[in-house]
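The block underneath contains the structure these notes are about, expressed in structure tokens.
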Amino acid sequence: MSLVSIGEISLNTFDQGSGAPLLLVHGFPLDHSMWRGQINDLSSRYRVIAPDLRGFGKSASQDDKVTMAQFADDLAALLDALDVGEPVTYCGLSMGGYIGWQFVQRHRDRLARLIQCDTKSKPDDDEAQATRMKAADHVLKHGPETLVATMMPKLFAEANRSSQPDAVEATREVMMNTAPSAIAAALRGMAERPDVTNELSQIDLPALILCGEHDAISPPDEMRKIAAAMPQARFVQIDGAGHMAPLEDPQAVNAAIIEFLSDT
Ligand code: MLT
């Protein structure tokens, strides 16, 4: 891992391997370590780039709000800083997926393919927006404990919560150690993310839409619809996994990614 300057901030970034570049973008409120099941395995075949987003992990920043567009622009600046001229495969999970839609809109020329894991194309409704804004204030005043306690049961498939205690605990720890300011800033940014559903039909990229069978946040039925709306997308369900499919079943997820990258 090293700190890569992208202007006024630096992003703590894993960058290893050679071959086609694969950019792994974590969910909320996590860091690059959620990709640990991909990082070693896939960096023997591809150049794997996995940053901590602005404010998360060891990428410090002090924003009140970070939009999905800002995160996308940070990632384009990161590719510049790393001298990645070749179009990349963008792979995001959940919030990383919301950022992915913005990356497509703003930096299409930097993309060869798109992998969207356990994410949504629809925005928050009024109630979800209000909940996020309240959660942002609460985290700033009292720390992440309540938010973490609310989110944890939704992240892993029920069976994996008891069979994968190390992954569950590591995820909880990352969330608890995330800066409250970063959590609040991303919550505010996610609350105002746009609806991209009507734009899916214009995404002219080979795409892999991947979803855990038991994802309680972005369920497979919703993600099947996303894949159906995209002209070059395939849908893969990860059986037995939840929202954290890449962490819960790295073998199945890596196999789907490798197959997609070799076919497209
Ligand atoms: C994530 O995993 O990134 C979050 O669940 C996204 C969200 O809160 O909408």
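Just follow the structure's listing: the first ligand is 1, and inside any ligand the first atom is 1.
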- Which residue and non-hydrogen atom of the protein lie closest to atom 1 (C) of ligand 1, and at what distance in Å? S94 OG, 2.8 Å

- Is ligand 1 under 4.0 Å from a heavy atom in the side chain of K154, in the backbone, in both, or in neither? neither

- Task: Look at atom 9 (O) of ligand 1 and say which protein heavy atom is nearest, naming residue and atom and giving the distance to 0.1 Å.
- Result: Y98 OH, 2.6 Å

- Query: Given that the side chain starts at C-beta and the backbone is N, CA, C, O, which of these parts of K120 lies under 4.0 Å from ligand 1, counting heavy atoms, or is it both or neither?
  - Reply: neither

- Query: Is the CG atom of D125 crowded by more than 12 outside heavy atoms at less than 6.0 Å?
  - Reply: yes

- Hey, which atoms in ligand 1 end up nearer than 4.0 Å to a heavy atom of M95? 1 (C), 3 (O)

- Query: How about F14 and I49: do any of their side-chain heavy atoms sit closer than 4.5 Å?
  - Reply: no

- Task: Over 60° means perpendicular and under 30° means parallel, so classify the ring planes of F71 and F56, tilted if in between.
- Result: tilted

- Message: Salt bridge check, E145 against R172: does any charged N sit closer than 4.0 Å to a carboxylate O?
- Response: no

- Query: Who's the nearest protein heavy-atom neighbour of atom 3 (O) of ligand 1, and how far?
  - Reply: F28 N, 2.7 Å

- Would you say L155 and ligand 1 have an N/O pair spaced under 3.5 Å apart? no

- Starting from the C-alpha separation in whole Å, work towards a yes-or-no answer on side chain to side chain contact (heavy atoms under 4.5 Å, CB included) for Q116 and L210. CA-CA 6 Å; Q116 294 284 62; L210 198 148; over 6 Å; no

- Message: My understanding is that only one of V174, L53, I99, L93 makes a side chain to side chain contact (heavy atoms under 4.5 Å, CB included) with H26; could you say which?
- Response: L53

- Message: So if I count the atoms of ligand 1 from 1 in the order they appear, which ones are less than 4.0 Å from some heavy atom of G27?
- Response: 3 (O)

- Task: Decide whether a cation-pi geometry holds between R161 and F156; the criteria are a distance under 6.0 Å from NZ or CZ to the six-membered ring centre and an angle within 45° of the ring axis.
- Result: no

- Of all the atoms in ligand 1, which lie at a distance below 4.0 Å from a heavy atom belonging to M151? 5 (O)

- Message: Please confirm whether R132 approaches ligand 1 to less than 4.0 Å, judged on its heavy atoms.
- Response: yes

